[in-house]
Amino acid sequence: MTPRPHCISVGRRKPMARHRSDISVLGASSRVTGNVRGAGGLRVEGTVKGDVAVDGPVEVVPDAIITGNVEGESLDLEGTLEGDASTSGPIRIGARATATGSFRGAQVTIEPGARVALQLDQDFELDLGPTRRGR
Amino acid sequence: MAGTVIGEGLTIEGEVVTEEEVVVNGTVRGTLSSQDAVSVGAGGTVEADIQAAALSVAGQVTGNVNAQDRIDIQAGGRLIGDVKAARLTIADGASFKGNVDMDV
């Protein structure tokens, strides 16, 4: 029997950010060459060549590409990120994502199927289960 | 809903090129090019040359504008720059400074 793939998840658990009304969207045909920064969340459907720094959640949909560093409250990656990511909250690297760089977040989840070449830069706790606790 | 929405508080410094409608409620510095309409909201600021199918300005635009169809400067809107468009409307309460080329 083939073992069922599991996602890799490290770090302290925090809930994904809730949807906010002040979210900006860079549409599927949009190409931004330059830096994006400011308040609120950001949904990238197109291409960004430059750094992204916002104080809200960042979502990168399938087929979207960011070539640059990303800072945000959280990162939900299903597209491609070539650069470093730093968040105060969780980072999810989805099954269709491609990620290369150094990632730091409160929790990093890498789902089966994701193509990653990452350096994870964070503290994390291993849950050894109830039988090993207290030894 | 527009394809690209630059929300209040967001700033893009560089070049934005798209085929979709763009709504700017934040800030764009550089160049902005869309094959569809561009709307600059009341709180929006564009310090860039704009190429678009149409432009509606309720906020502030500083830069030259080339619109294939029309440019509407709404009440409270402010546009400083040279404009080229088939049609131009400047509402009561709007501000405009620049040259107009309507290709007559």
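Naming: A, B, ... by sequence-line order, numbering from 1 per chain.
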_Separation of Thr4(B) OG1 from Glu45(A) CD (nearest 0.5 Å)_ = 7.5 Å
*asked:* Can you tell me if Glu47(B) has over 12 outside heavy atoms packed within less than 6.0 Å of its CD?
replied: yes
*Neighbour count above 12 (heavy atom, 6.0 Å) for Arg78(B) CZ*: no
*Minimum heavy-atom distance between Glu20(B) and Gly27(A), given as atom pair plus value*: OE1-CA, 3.1 Å
*Does a salt bridge link Arg31(A) with Glu15(B), judged by any charged N lying under 4.0 Å from a carboxylate O?*
no
*asked:* Does any backbone or side-chain atom of Val54(A) lie under 4.5 Å from a heavy atom of chain B? Answer side chain, backbone, both or neither.
replied: side chain
*Which residue out of Gly50(A), Ala28(A), Gly46(A), Ser24(A) racks up the most heavy-atom pairs below 4.5 Å with chain B?*
Ser24(A)
*asked:* Atom CG of residue position Asp63(A) - does it have more than 12 heavy atoms of other residues, nucleotides or ligands inside 6.0 Å?
replied: no
*Would one find more than 12 heavy atoms of other residues, nucleotides or ligands at under 6.0 Å from atom CZ of Arg87(B)?*
yes
*Side-chain contact test, heavy atoms from C-beta onward, threshold under 4.5 Å: evaluate it for Leu10(B) versus Val36(A) and give yes or no.*
yes
*Is any side-chain heavy atom of Val16(B) less than 4.5 Å from a side-chain heavy atom of Leu26(A)?*
no
_Count I, L, V, M, F, W, Y as connected when their side-chain heavy atoms are under 4.5 Å apart, and connections chain through other members. Are Leu55(B) and Val100(B) then in the same cluster?_
yes
*Shared hydrophobic cluster, Ile66(A) / Val61(A) (ILVMFWY, side-chain heavy atoms < 4.5 Å)*: no
